Peer 1: 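Provided herewith is a single structure, encoded as structure tokens, for subsequent inquiry.
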Amino acid sequence: MAYRYDYEVITQWIAPGEKVLDLGCGDGSLLKHLAEVRQVQGYGVENDPDKLLACTRNGVNVIQMDMEKGLAGIEDGFFDHVIMSLSLQAMHNTQGILVEMLRVAREAVVSFPNFGYWRHRQSILNGRMPVSESLPHQWFNTPNVRFFTISDFDALCEMNGIAVRERLAFDEGKLILDEPNFLASVAVYRLGRGA
Amino acid sequence: MIQPQSVGVVVPQRAHFAEPLALRSGGTLPEYELVYETYGELNADHSNAVLVCHALSGSHHVAGHYADAPNNSGWWDNLVGPGKPLDTRRFFVIGVNNLGGCHGSTGPISTNPATGQPWGADFPFVTVEDWVAAQARLADRLGIERFAAVVGGSLGGMQALSWSLQYPDRVANAVVIASAPKLTAQNIAFNEVARQAILSDPEFHGGHYYAHGVVPTRGLKLARMVGHITYLSDDAMGDKFGRSLRHGKAIYSYDVEFEIESYLRYQGDKFAGFFDANTYLLATKALDYFDPAFEHGGNLPAALARATADFLVVSFSTDWRFSPARSREIVYALLHNQRNVSYAEIESDAGHDSFLLDEAQYHALLTAYFDRIKV
């Protein structure tokens with residue numbers, strides 16, 4: 001859970017007092033942080049009882065919901081930002097949730113581990129599934145169900161008419177400007193509804 | 001951490017209110033009494049009070065036991081006590097029997113001052129809002145300006161929700177469990193079957209059975225049997241009773257054959273032995289009438305705009321009488337108003353009755369929520 005430098009980027013994209021929805025909010029630490037530094041009115045979404053409990057202990061609003069079934073019940077455009085931090089790769093309904101995110105919020109913030117990171121590629125070349133800081137699980141116990149690269153995600157956004165308003169890529173916390181699909185382990189996107 | 005303990009021996013108390021209470025039905029109760037129990041100590045600035053609202057068949061006896069009845073534990077004894085989720089070392093917890101009840105508060109079995117006879121069927125209709133208004137007067141009497149939390153399950157959850165709307169400044173947290181913002185047609189239908197069972201019992205005597213020295217136990221028993229079916233899940237009933245036959249095979253009789261028949265009859269008889277039929281009628285009507293959105297054209301978000309409390313809403317996966325979907329209506333209406341709200345849907349196979357059980361995940365969540373309430 002220490003792997004959370006994407007929080008800093010996300011925080012910069014959130015204006016004070018916004019309404020924020022955090023999908024797959026874990027123990028609620030990002031929302032807690034955003035409440036402290038941005039005074040957001042935040043809500044988390046989780047479906048894991050232990051994480052609901054952790055959010056409650058952290059004093060973070062959390063709503064139990066199965067995100068795979070969409071965000072029915074949340075009004076169109078209700079939130080300023082909807083965040084999905086390092087959870088998209090653990091969802092089956094990738095396209096559905098992106099549509100839902102941009103339905104309920106003006107902008108979506110999505111971060112994910114880049115499967116195309118050079119160390120991951122090297123691992124595959126050596127014949128083993130990658131295990132790294134950004135992909136910390138073994139193949140047999142990973143919660144991840146989608147394995148995709150920055151280039152894959154760019155293509156998906158284009159195909160679905162999703163506007164990429166900003167993209168930052170990192171290698172273990174360092175900003176990567178050149179060749180992010182090769183050199184970055186994690187990407188953070190700011191997305192909007194396309195024209 | 002300590003081992004959860006009982007609050008021990010408790011003594012019910014009684015408060016008399018001489019000021020008339022105007023009821024939503026248009027009637028007035030000229031005076032009334034409320035019977036209640038308290039657990040724990042009210043702190044110096046009176047900020048640690050928690051009101052527990054009871055459901056259809058509950059009472060003020062929430063926790064502990066009476067000195068002369070050590071086995072008659074309160075109905076939410078697993079929740080309230082030292083080291084329990086609603087920890088009486090921190091909180092001053094109050095249970096109160098609602099108006100129209102049959103456990104000591106003014107109700108149909110009380111004497112109507114106008115006639116000198118029991119109220120019986122003449123007891124005015126009481127609503128969730130009336131109950132809350134009466135509870136608020138008890139809070140005044142006890143010196144409680146603002147509750148740290150108002151908590152309830154089922155019909156009790158409706159009271160917690162109503163508190164947040166009627167007295168928004170007096171509720172810091174509302175904990176609404178296995179409840180609904182209004183009953184569905186199906187839910188009202190079950191209540192109507194229960195009522196007809198009572199109303200059509202020859203010993204009901206138009207609600208004045210006390211004068212005839214009889215009790216409509218058959219109707220009340222039937223009412224409870226129907227209710228009980230709806231409080232359990234199909235799976236739980238199947239697991240517990242299945243098609244088990246008392247005699248191992250069919251004996252072609254209307255006596256008890258299937259174990260589920262035995263269970264329902266037992267539950268019905270037990271209930272009919274202590275509960276008042278008029279109270280049952282009144283409480284089911286209170287359930288049916290509750291609909292805070294009605295005055296807002298059915299717009300629940302508009303109705304809940306008044307609420308300022310923080311909310312915890314809890315439902316149970318197999319509860320079909322007060323289904324998770326009903327709880328989610330409350331959650332989304334609160335979300336619309338940007339209220340602080342958390343929602344959990346607890347996996348449980350026990351149906352509506354789950355809210356009374358001490359399922360680990362459920363109690364852990366309540367513990368976590370109550371622990372962060374500042375007093």
Side-chain angles (χ1 to χ4, degrees), chain A residues 15-29 31-32 34-36 38-82 100 103-106, chain B residues 85 149 172-178 181 299-302 304 307-317 319 323-348 354 359-374:
Chain A
E18 282 194 0
K19 284 181 278 184
V20 174
L21 184 66
D22 185 4
L23 302 178
C25 65
D27 66 358
S29 53
L31 282 173
K32 197 176 177 185
L34 290 174
E36 281 161 12
R38 289 288 186 270
Q39 297 77 46
V40 301
Q41 179 64 18
Y43 299 87
V45 169
E46 262 300 343
N47 204 23
D48 174 340
D50 290 337
K51 289 173 180 168
L52 288 164
L53 202 54
C55 287
T56 304
R57 291 194 178 115
N58 271 326
V60 168
N61 294 319
V62 61
I63 294 169
Q64 186 168 7
M65 207 188 297
D66 178 3
M67 292 182 292
E68 295 283 5
K69 295 176 182 162
L71 304 174
I74 299 178
E75 294 159 56
D76 293 359
F78 183 77
F79 288 98
D80 297 297
H81 277 101
V82 54
E100 278 289 81
R103 178 182 69 78
V104 302
R106 185 168 51 77
Chain B
N173 291 273
V175 180
V176 180
I177 304 167
N299 185 335
L300 188 64
L304 301 197
T308 55
D310 291 354
F311 280 78
L312 175 65
V313 180
V314 179
S315 71
F316 298 91
S317 57
D319 184 351
S323 71
R326 299 280 83 75
S327 285
R328 282 196 292 263
E329 289 174 28
I330 299 173
V331 172
Y332 291 127
L334 291 166
L335 182 62
H336 173 89
N337 289 297
Q338 299 184 54
R339 298 297 177 261
N340 286 321
V341 54
S342 285
Y343 169 65
E345 196 174 307
I346 308 287
E347 282 292 330
S348 162
S354 300
E359 202 278 327
Q361 184 200 335
Y362 167 45
H363 270 203
L365 182 72
L366 292 179
T367 300
Y369 192 82
F370 288 128
D371 277 355
R372 59 169 270 273
I373 294 178
K374 293 189 183 69

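Quantities reported herein were computed from a predicted structural model and do not represent experimental measurements. Keep in mind that the numbers below use all heavy atoms, side chains included, and drop hydrogens, waters and symmetry copies. So you know, we letter chains A, B, ... as the sequences are listed, proteins then strands, and number each from 1.
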Peer 1: Mind listing the closest non-hydrogen atom pair of A/Met65 and B/Tyr332 along with its distance?
Peer 2: CE-OH, 3.3 Å
Peer 1: From A/Phe78 CZ over to B/Gln338 CD, what is the distance, rounded to the nearest 0.5 angstrom?
Peer 2: 5.0 Å
Peer 1: So, taking the atom named CD in A/Glu75 and the one named NE2 in B/His336, what distance separates them when rounded to the nearest 0.5 Å?
Peer 2: 5.0 Å
Peer 1: Quick check on B/Val341 against chain A: is it the side chain, the backbone, both or neither that has a heavy atom closer than 4.5 Å?
Peer 2: both
Peer 1: Mind listing the closest non-hydrogen atom pair of B/Ala368 and A/Leu53 along with its distance?
Peer 2: CB-CD1, 4.0 Å
Peer 1: Compare every heavy atom of B/Arg372 with every heavy atom of A/Thr56, then report the nearest pair and how far apart it is.
Peer 2: O-CD, 2.9 Å
Peer 1: Can you tell me how far OG of B/Ser327 sits from CD of A/Gln64, rounded to the nearest 0.5 angstrom?
Peer 2: 11.5 Å
Peer 1: Can you confirm whether the side chains of A/Gln41 and B/Asn340 place a donor and an acceptor under 3.5 Å from each other?
Peer 2: yes
Peer 1: Count the heavy atoms belonging to other residues, nucleotides or ligands that lie under 6.0 Å from CD of B/Glu347, then report whether that count exceeds 12.
Peer 2: no
Peer 1: Rounded to the nearest 0.5 Å, how far does CG of A/Asn61 lie from CG of B/Leu312?
Peer 2: 10.5 Å
Peer 1: Measure the spacing between CG of B/Leu335 and CZ of A/Phe79 and express it to the nearest 0.5 Å.
Peer 2: 4.5 Å
Peer 1: Under 4.5 Å heavy-atom distance to chain A, tell me which part of B/Asp371 shows up: side chain, backbone, both or neither.
Peer 2: neither
Peer 1: Which pair of heavy atoms, one from A/Leu52 and one from B/Ala344, lies closest together, and at what distance?
Peer 2: CD1-CB, 4.4 Å
